[in-house]
Amino acid sequence: MSALLQIKDLSRVFTAGDETVKALDGIDLSIEAGEMVAIVGASGSGKSTLMNVLGCLDQPSSGSYTVAGRETAGLMPDELAQLRREHFGFIFQRYHLMGDMSAAGNVETPAVYAGVGSHERRSRAAELLSRLGLGDRIHHRPSQLSGGQQQRVSIARALMNGGEIILADEPTGALDSKSGETVMAILKELHADGHTIIMVTHDMGVAEHADRIIEIKDGHIVADRRQSHASPSAPARLLHQSETVGVWQSLQRRIAEAFPMALRAMAAHRTRTALTMLGIVIGIAAVVAVVGIGEGSQRRVLQQISELGASTISIYPGKDWGDENADAIISLVPADMTALASQPYVDSVTPEVSTSGRVRIDNISANATIVGVGKDYFRVNAKRLAQGRAFDAEAVSASRQQVVLDANAARTLFPDRQDPIGQVIMVAGVPVTVIGVEAPSRASGSGMQVYLPYTSVQVRMLGARQLQGITVRVADSVNTAAAERNIINLLTLRHGLKDFFIFNSDQMRKTIQSTSRTMALLISSVAVIALIVGGIGVMNIMLVSVSERTKEIGLRMAVGARQVDIMLQFLIEAVTVCVAGAVVGVGLALLVGATFGQPDGEFPMIFSASSIALASVTALLIGLSFGFLPARRAAQLDPVDALSRE
Ligand code: ADP
Ligand code: MG
């Protein structure tokens, strides 16, 4: 039967720059179960290197090392972690306890990675601490314990998963002699219980407690002697047989443990966590606010489009807007309108002439745009009347002196809200009777408009017979572009040449839509940039956090954490920071919205559940993606390196 630990012709070579150091050189060693071994030697002789190899924290450069018959050379990091969890317990010179956890929390850690349930962990940690005389210190932090007490906590931790083989590097090196004696007494007791104890010391007095002393010098074993009282104890009577749990259950338990771990780490660096979160808060608040503004303005655009009414096509004299010769063109006449009205693709038609002049009633007088229209003007332009009625065909053909006021005009001329219908007002010196009032609309600015039959405006105010424009409302089922082509053909035929141009309300619609799309794109790119900046902040802080907690990572690896456990811990931390930031950010955005963003005001903001959900998912993804690099860096640390980092 082979020994518990078997080393054959083992070397460990370090390369630092061009130099290579042979820390261990052709070592042969076998250690039986139940032995208590002391490794002694001068500083720099290779003791720690040997311990690291024995504890599967480090791997030999050449040669063979078997643990309970299993070859360790060539194992992957997670397989080494499994060997550490199952066979070894570590005791360090400087205890290596985690400062933000209670004594019990520290002792429990190895069992977390072994997938032991929390209830069992807790009772076992309490039992071990009581057995080591710390029953009344279970909830104390390491900083509240003396050095000797801390070392006893670390012994309890080494025993948590069974501690079949206990590796102690200078366990008494940092202790006063009395505490040192207590620790040695405990180790001897454990030895008597069947644990295999291997310790490194430079103190011969301490070494004398062991029943086998191995002396090492410049990477070679120079002496290996057994004390007279040497007698391997009975095989380890393990205190603890870890129940076997499924891979999934184990992972679940470890994730459940990683969450409070992340919260503890965040709580330990409150200011830093808050500052990191601030980036995400601002980013998410920007996204939610911006999406809110986007939706608000989108709704406004839709409103504007619906106010444009059905598709209309307007015909004006000249080549385009601003054609200097437009006034001289007299071909656009009422007969064109009649011809258009009889086309099947036309719903309704109105002519337009306009001028300006003063409107007056009693002693109130103001400038207004005077618009001459046909009887279907309000239908063509999808305008509604708040009061009264529009002109009828008879009023148009007989040039009646009737007027429809827009909301501004009604408000100006009848400030006391008396009923305007039936009142006589003066428009450009012509007395006219008010027959209707237009409903207010968002599109109307601050100017006043009054509508008269176009014949009245032509005859009584302009003295001209041509029209300044004709607007056609296209029948609902008809394609606007096709209608436009037909209108051009018809009028060109009638006029003998194309002395008019066409403006199609679909163009307006398209312009509004493309403007709002451009805005949305602009706004979302700003939000995306804000989030990326926030994410980079998270990555930055997580990298700082990893390098600051390198020692803790090394310790977690020593007690058996897999790479995925370390990765999870940091990823969960990054995600928690981001999601917490998102919650605050959403709150902030809602607050801003409630303060400034009246849906009808200058700055419309509409918040939807989907935009908030989107923000939360985004935060989660930022945490995962920007936390990934730091988490992977942590997971890939070398345990020996990490442990030796100050
Ligand atoms: P001891 O614990 O007996 O004081 P170590 O095992 O720590 O000695 O070191 C043995 C030799 O290996 C020393 O010369 C040391 O400088 C070298 N050494 C240890 N670790 C490293 C490393 N990571 N890189 C380079 N050299 C190392
Ligand atoms: Mg050392």
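We count ligands from 1, going down the list as the structure has it; atoms in each ligand are counted the same way.
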Item to check | Glu71 and Ser64: side chain donor to acceptor below 3.5 Å | outcome: yes
Checklist entry - Under 6.0 Å from the six-membered ring centre of Phe628 and within 45° of its axis: does the NZ or CZ of Arg632 meet both? => result no
Item to check | Of the listed options Arg12, Glu170, Lys47, closest to atom 3 (O) of ligand 1 (non-hydrogen atoms) | outcome: Lys47
Checklist outcome for this item: re atom 13 (C) of ligand 1, the protein heavy-atom contact at minimum distance is Gly44 O, 3.8 Å
Checklist outcome for this item: For Phe570 and Met542, the nearest pair of non-hydrogen atoms, with its separation, is O-CE, 3.4 Å
Checklist entry - Testing Arg84, Glu86, Arg85 for side chain to side chain donor-acceptor pair (under 3.5 Å) with Gln82, which one passes? => result Glu86
Checklist entry - Counting from 1, what ligand 1 atoms have a heavy atom of Ser48 closer than 4.0 Å? => result 1 (P), 2 (O), 6 (O), 7 (O)
Checklist entry - To the nearest 0.1 Å, how far is atom 8 (O) of ligand 1 from its closest protein heavy atom, and which atom is that? => result Gly46 N, 3.3 Å
Checklist entry - Do NZ/NE/NH1/NH2 and the carboxylate oxygens of Arg272 and Glu548 come within less than 4.0 Å? => result yes
Next on the checklist: Between the side chains of Arg556 and Glu552, is the shortest nitrogen-to-carboxylate-oxygen separation below 4.0 Å, so that they form an ion pair?
Outcome noted: yes
Checklist entry - Cut-off 3.5 Å, side chains only: do Thr66 and Arg70 have a donor facing an acceptor? => result no
Checklist entry - Is there a donor in the side chain of Thr49 and an acceptor in the side chain of Asn52, or the other way round, less than 3.5 Å apart? => result no
Item to check | Ionic contact status for Arg121 with Glu257, cut-off 4.0 Å | outcome: yes
Checklist entry - Would you say Ser45 touches ligand 1, if touching means a heavy atom closer than 4.0 Å? => result yes
Item to check | Under-4.0 Å salt bridge between Arg212 and Glu32 | outcome: no
Next on the checklist: Check this for me: does any side-chain nitrogen of one of Asp565 and Arg254 sit under 4.0 Å from a carboxylate oxygen of the other?
Outcome noted: yes
Checklist entry - Does atom 21 (C) of ligand 1 have any protein heavy atom closer than 4.0 Å? => result yes
Next on the checklist: Pairs of nitrogen or oxygen atoms closer than 3.5 Å, one from Ala16 and one from ligand 1: do any exist?
Outcome noted: no
Next on the checklist: List ligand 1 atoms under 4.0 Å from Thr49, heavy atoms only on the residue side.
Outcome noted: 5 (P), 6 (O), 9 (O), 10 (C)
Item to check | Note: Asp211-Arg226 ion pair, threshold 4.0 Å (strictly below) | outcome: no
Next on the checklist: Any nitrogen or oxygen of Phe14 lying under 3.5 Å from a nitrogen or oxygen in ligand 1? Just yes or no.
Outcome noted: no
Item to check | Ala42: numbered ligand 1 atoms lying under 4.0 Å from its heavy atoms | outcome: 3 (O)
Next on the checklist: For distances below 2.8 Å, what is the count of protein N, O or S atoms around the Mg ion (ligand 2)?
Outcome noted: 1
Checklist entry - What do you reckon, does Ser43 put a non-hydrogen atom under 4.0 Å from ligand 1? => result yes
Next on the checklist: Among all protein heavy atoms in this structure, tell me which lies nearest to atom 12 (O) of ligand 1, with the distance rounded to 0.1 Å.
Outcome noted: Ala23 CB, 3.3 Å
Checklist entry - Any protein heavy atom lying closer than 4.0 Å to atom 16 (O) of ligand 1? => result no
Next on the checklist: For Ser644, which part has a heavy atom under 4.0 Å from ligand 1: side chain, backbone, both, or neither?
Outcome noted: neither
Item to check | Electrostatic pair Arg264:Glu573 at N-O distance under 4.0 angstrom | outcome: no
